[in-house]
Student: 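Quick one: the structure is below, questions incoming.
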Amino acid sequence: MMELPARRLLLVHAHPDDESITNGATMAKYAAEGARVTLVTCTLGEEGEVIPPGLGRLTADREDVLGAHRAGELAAAMQALGVHDHRYLGGAGRYRDSGMTGLPQNRREGSFWSADLDEAAAHLVEIIREVRPQVLVTYDPDGGYGHPDHVKAHRVAVRAADLAGERAYRRDLGEPHTIEKIYWNRVPRSVAEDGFARLDAALPGLPFPRAAEVGDVPGVAADETVTTVIDGSAYATRKADAMRAHVTQVVVEGPWFALSNQLAQPLFATEYYELARGTAAGAPETDLFAGITGASPAPPAARNGHTDGRPAGTSGTPGGRSQVR
Ligand SMILES: [Zn+2]
């Protein structure tokens, strides 16, 4: 077997643009630090709307060529993030965007929502067994906000993570591999509320007519559900560039952005996660790989040695190994 990089991160997303909006800073940071970052996108986002009027002909109700166009946007976004391993689940175009909840496209033949779960998961098992990630990032069981493709991406990711570790399952897809930590994407409610408060103050000077609301942000949850904080502020520009690469989907203006509904949202350079499987090492964790044997960060000096529950030089700290935000 080829030698693997020390740190391997897999992200599973529904459509082109979800990765940059949700995890762009995290992806850029780990890629820059030498981790192998693998993105799997489940559909081409064929049912999306298009922001620039000059590209309106691309949509599903006109020429229906948005998917191929968005593949180009995603490739440009990966360049901006410095991520070199990007794949589509089952190959580009294998699963089609299912559209928003309740549309007839949900159940159309070939839609991701109508796909057989185990068949879709098998494609991901093959990738997991090849790349052998220690960490998987995807949406929560609600898909972050209920979009059928996001819900399905969650189900496929979890099913594939389970199957990949089963010794008896499909050995033709590679040697079994168990992912040590699985995270859901989150935004702490207080962070979202602070962001929208700042946005409301800035809105009169912005090219967006109105602001979205906290409830419009996928993955918002009570602060205490968040286990892990990735400070991506050094990669905020890369994240914004990656979002901008999704020309048909996103408009970025400073630390704000809007989707096709033109509702402004804060662009978060710090990204948040809920550890759903595995053991947290820190409260909050500041590294998705924290506690994973053999997955030292690039600069080893940055790590505090710890083998038991008590951090050096402190006493009486409940929970041990805790770090101050
Ligand atoms: Zn999406």
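First listed ligand is number 1; within each ligand, the first listed atom is number 1. The basis for the numbers below is simple: all heavy atoms, side chains too, and nothing from hydrogens, waters or symmetry mates.
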Student: Please report the C-alpha distance between Tyr145 and His150 in whole Å, then the side-chain angles of each, then the deciding distance to 0.1 Å, and finally whether the side-chain contact (heavy atoms from CB on, under 4.5 Å) criterion is met.
Tutor: CA-CA 8 Å; Tyr145 72 114; His150 288 237; 3.7 Å; yes

Student: Name of the His15 N, O or S atom nearest the Zn ion (ligand 1)?
Tutor: ND1

Student: Report whether any nitrogen, oxygen or sulfur of Asp149 sits less than 2.8 Å from the Zn ion (ligand 1) (N, O or S, backbone or side chain).
Tutor: no

Student: Can you tell me if an N/O/S atom from His13 lies under 2.8 Å from the Zn ion (ligand 1)?
Tutor: no

Student: Looking at Ser190 and Asp223, what are the two nearest heavy atoms and their distance?
Tutor: OG-OD2, 2.5 Å

Student: Quick one: report the N, O or S atom of His150 that is nearest to the Zn ion (ligand 1).
Tutor: NE2

Student: Mind running side-chain contact (heavy atoms from CB on, under 4.5 Å) on Ile21 and Met243 for me, showing each step along the way?
Tutor: CA-CA 6 Å; Ile21 296 167; Met243 288 170 63; 4.0 Å; yes

Student: As a quick check of understanding, evaluate side-chain contact (heavy atoms from CB on, under 4.5 Å) for Ile127 and His123, giving each step before the final call.
Tutor: CA-CA 7 Å; Ile127 295 170; His123 296 299; 5.8 Å; no

